[in-house]
Protein chains: 2
Amino acid sequence: MALEHAILVSLLERPGSGYELARRFERSIGRFWTATHQQIYRVLKRMEVDGWVVAEEIGQDRRPDKRSFSVADSGRRALVEWLRAPVQPEAVRHELAVKIRGAAFTDEAGRAALISEVERYRADHETLLYTYVNGEKRDFLDRESEDVGQRLQHVVLRGGIAYERMLLDWLDDVLATLRAL
Amino acid sequence: MALEHAILVSLLERPGSGYELARRFERSIGRFWTATHQQIYRVLKRMEVDGWVVAEEIGQDRRPDKRSFSVADSGRRALVEWLRAPVQPEAVRHELAVKIRGAAFTDEAGRAALISEVERYRADHETLLYTYVNGEKRDFLDRESEDVGQRLQHVVLRGGIAYERMLLDWLDDVLATLRAL
DNA sequence: CGTTGCTGTGCAACTAGTTGCATATGGATG
DNA sequence: CATCCATATGCAACTAGTTGCACAGCAACG
């Protein structure tokens, strides 16, 4: 598993509570590793038991108290060790591709419905691309003065942007192909 | 889940045994939906119980007997219905991106090891790209004369090619960034 | 003052997927 | 003749991830 390690990276970048982590997984980290808050709390508990992270109770005035987590030495060592291990081959699950090949086995109306779905999917990813591009403009203005962490976050974001651009081009190809059937 | 549906598409394209399906999932279908033979046999059994597929016993001379599956009417209806449903947002799990951001928290030797890993990963995907491109040349010579199924398979393959090209470009960016740290 | 909404934490049950193992036929290699 | 490889099917145990639900504080709105 790598959720532990994604959490370690996120907490090393900045300590935070389970709730804050969950919100980060909806945004930045979640672009390449999704997780729900339930899963995060469960894994966080295990990591605390294993001594990878330590919690600090923080009482808050206008909000419920929270437990802010930081990475302990053994957690950092675990991360460094994991970084050295070979990258596991990804488990690809691209539902849309299955549906496109499945379109050969439905009727005209079914294909029309799929075209609508692809259009909606394309619009969502176009929005996502703009979000990324705006985030890049906002957070990575001056490439020369970036520190190590920022450079690495930036190159990962550039990957997201490249992916979304490639996806939009391909979706146009898909739409043209479906419409021409 | 969509493994059922991926199997339905594969069996509609051509009936086959669990073993044959497993081999297809290592190649064509597995480019966008991975599954092991154990999982396939289990799901296939459930699909048979549900009446989505029917098996035919085939005795073979030089090989163990096999059970060849075809899609039944109710399976085809289930697929058509699923095709109409909205595409679920993908659960992204991109381990390499986590490792790249994690590289901020290791030492020089750790980053060197990561660079080697990225190089290996890049070489693997370059090989994969050549496999796709060769497959395209072999199977999709004459775009005008393609039937519906081939056109759809081809557009999905073009997606795989576009993805691999984008990935290689990005990995070069990653390598340059890591080396310049 | 009731509802909605954000912050904050978590359990329980379920589903999907992985890993390790088992078994059998028969061809090819050394 | 033993071993390895490809074909062929499957169980059992485990791990990871999803879904549904619950509870609590406090602020803002009407």
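Letters go in sequence order (proteins before strands), and every chain restarts at 1. These figures come from a predicted structure and were not determined experimentally.
- Under the 4.5 angstrom side-chain criterion for Ile, Leu, Val, Met, Phe, Trp and Tyr, the cluster partners of B:Leu129 are B:Leu128, B:Tyr132, B:Val133, B:Phe140, B:Leu157, B:Ile161, B:Leu168.
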**Item:** Working for side-chain hydrogen bond (donor to acceptor under 3.5 Å, both in side chains), residues A:Arg151 and B:Thr177
**Value:** CA-CA 7 Å; A:Arg151 279 173 208 220; B:Thr177 304; over 6 Å; no

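- The closest side-chain donor-acceptor pair between A:Arg101 and B:Ser28 falls under 3.5 angstrom.
- A straight line from CD of A:Gln39 to C1' of D:dT15 spans 11 Å, rounded to a whole angstrom.
- Not counting sequence neighbours, the partners of A:Arg93 by the side-chain hydrogen bond (donor to acceptor under 3.5 Å, both in side chains) test are B:Thr34.
- Listed by chain and number, the hydrophobic cluster partners of B:Tyr19 are B:Tyr41, where partners are ILVMFWY side chains within reach of under 4.5 Å, directly or through others.
- Atom CD1 in A:Ile40 sits roughly 16 Å away from atom C1' in C:dC11 (whole-Å rounding).
- For A:Leu44 and C:dT9, the CG to P distance is 9 Å, given to the nearest whole Å.
- Defining each end axis of the helix from C:dC1-D:dG30 to C:dG30-D:dC1 as the rotation carrying four pairs' C1' atoms onto the next four, with five pairs an end, the two axes are found to diverge by 20° to 10 degrees.
- Computed from coordinates, the B:Trp33 CH2 to C:dG17 P distance equals 6 Å when rounded to whole Å.
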Letter by letter from the 5' end, nucleotides 9-14 of chain D scores (B base, S sugar-phosphate only, - none; protein heavy atoms under 4.0 Å) BBB---

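- Counted by atom type alone, B:Arg27 and B:Thr131 present zero donor-acceptor pairs between their side chains at under 3.5 Å.
- Every salt bridge (Lys or Arg N to Asp or Glu O under 4.0 Å) that B:Glu48 has, sequence neighbours left out, goes to B:Arg67.
- B:Leu21 places its CG atom 14 Å from the C1' atom of D:dT7, with the value rounded to the nearest Å.
- The 5' end of DNA chain D is approached more closely, in terms of each residue's nearest nucleotide, by A:Glu4 than by the other of A:Thr36 and A:Glu4.
- Contact check, B:Arg23 against D:dA8: no side-chain N or O comes under 4.0 Å of OP1 or OP2.
- With sequence neighbours excluded, no residue forms a salt bridge (Lys or Arg N to Asp or Glu O under 4.0 Å) with B:Arg165.
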Give each protein N/O atom lying under 3.5 Å from an N/O atom of nucleotides 24-27 of chain C, with the pair distance.
none

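- Among residues two or more places apart in sequence or in another chain, the side-chain hydrogen bond (donor to acceptor under 3.5 Å, both in side chains) test is passed with B:Ser17 by none.
- Using a 4.0 Å cut-off between a side-chain N of Lys or Arg and a carboxylate O of Asp or Glu, A:Lys66 and A:Glu20 qualify as a salt bridge.
- The salt bridge (Lys or Arg N to Asp or Glu O under 4.0 Å) test applied to A:Asp124 returns A:Arg120, not counting sequence neighbours.
- For A:Leu3 and D:dG17, the CG to C1' distance is 9 Å, given to the nearest whole Å.
- Applying the side-chain contact (heavy atoms from CB on, under 4.5 Å) test to A:Arg179 and every residue at least two apart in sequence or in another chain returns A:Ile115, A:Glu119, A:Leu175.
- Heavy-atom neighbours of B:Asp107 CG from other residues, nucleotides or ligands within 6.0 Å: above the threshold of 12.
- Within residues 86-101 of chain B, the residues approaching DNA chain D are B:Arg93, by heavy-atom distance under 4.0 Å.
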